[in-house]
Amino acid sequence: YYKAERYKEALSLLEQSKEQAGAPFWIACTLEKLGRTGDAISAYQDVIDNPVEVENAEHARRNRDFLVWKRDFDARIATTQASVNAQETE
């Protein structure tokens with residue numbers, strides 16, 4: 001389902017097998033694809049903290065760090081745009 005971009009179905013199946021090695025990482029990836037940034041960041045952190053997920057930890061760390069950067073960047077852009085818009089209406 002993931003490769004077919006059917007992310008809701010993929011997430012449902014992954015959550016049913018979340019105890020399997022690798023599943024937590026793919027849950028995080030799927031949450032990211034669904035646009036659930038906060039949930040994805042938390043899920044990536046869970047992968048990083050899970051000793052069973054050592055194989056995926058570095059990839060999860062890179063993905064988490066990028067999402068944190070993107071979330072913060074988007075917030076700064078929105079704040080800047082709101083400020084510009086407010087100045088234009090004065």
Side-chain angles (χ1 to χ4, degrees):
Y1 291 114
Y2 185 88
K3 288 184 179 182
E5 299 181 5
R6 294 171 56 188
Y7 301 119
K8 287 182 182 180
E9 293 98 327
L11 184 60
S12 178
L13 287 175
L14 286 164
E15 287 178 338
Q16 292 174 26
S17 59
K18 62 184 167 189
E19 300 304 319
Q20 292 182 355
F25 176 77
W26 287 105
I27 289 171
C29 292
T30 304
L31 289 167
E32 180 179 354
K33 292 290 190 180
L34 288 168
R36 294 172 53 185
T37 303
D39 292 335
I41 290 169
S42 294
Y44 283 128
Q45 187 62 51
D46 291 345
V47 172
I48 294 163
D49 295 340
N50 185 342
V52 175
E53 291 293 318
V54 171
E55 191 172 314
N56 294 312
E58 187 55 38
H59 195 173
R61 186 179 323 280
R62 285 192 308 270
N63 289 6
R64 182 213 51 201
D65 290 350
F66 173 76
L67 282 180
V68 168
W69 173 86
K70 184 180 182 306
R71 179 196 63 198
D72 295 348
F73 179 79
D74 289 345
R76 284 191 305 273
I77 292 295
T79 301
T80 301
Q81 188 61 47
S83 177
V84 168
N85 291 343
Q87 290 173 0
E88 289 175 353
T89 59
E90 290 179 358

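Because the structure is a prediction, the values reported are computed rather than measured.
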Flag side-chain contact, heavy atom, 4.5 Å: L67 against R71: no

Check ion pair K70-D74 (N to O, under 4.0 angstrom): yes

Considering all heavy atoms, the nearest A23-K18 contact: CB-CA, 3.8 Å

same_hphob_cluster(F73, V84) at 4.5 Å side-chain heavy-atom cutoff: no

Closest heavy-atom pair and its distance - A60, V47: CB-CG1, 3.7 Å

For residues 27-36, which side-chain N or O atoms pair as donor and acceptor with protein atoms under 3.5 Å away, sequence neighbours left out?
{"residue": "T30", "atom": "OG1", "partner": "W26", "partner atom": "O", "Å": "2.7"}
{"residue": "E32", "atom": "OE1", "partner": "Y44", "partner atom": "OH", "Å": "2.6"}
{"residue": "R36", "atom": "NE", "partner": "D39", "partner atom": "OD2", "Å": "3.0"}
{"residue": "R36", "atom": "NH2", "partner": "D39", "partner atom": "OD2", "Å": "3.0"}

Partners passing side chain to side chain contact (heavy atoms under 4.5 Å, CB included) against V52 (at least two apart in sequence or in another chain): N50

Donor-acceptor under 3.5 Å (E53 side chain, G22 main chain): yes

Nearest-0.5 Å distance, CG of residue D46 to CD1 of residue I41: 12.0 Å

Atom pairs and distances, side-chain donor-acceptor, residues 4-16, under 3.5 Å, sequence neighbours left out:
{"residue": "R6", "atom": "NE", "partner": "E9", "partner atom": "OE2", "Å": "3.4"}

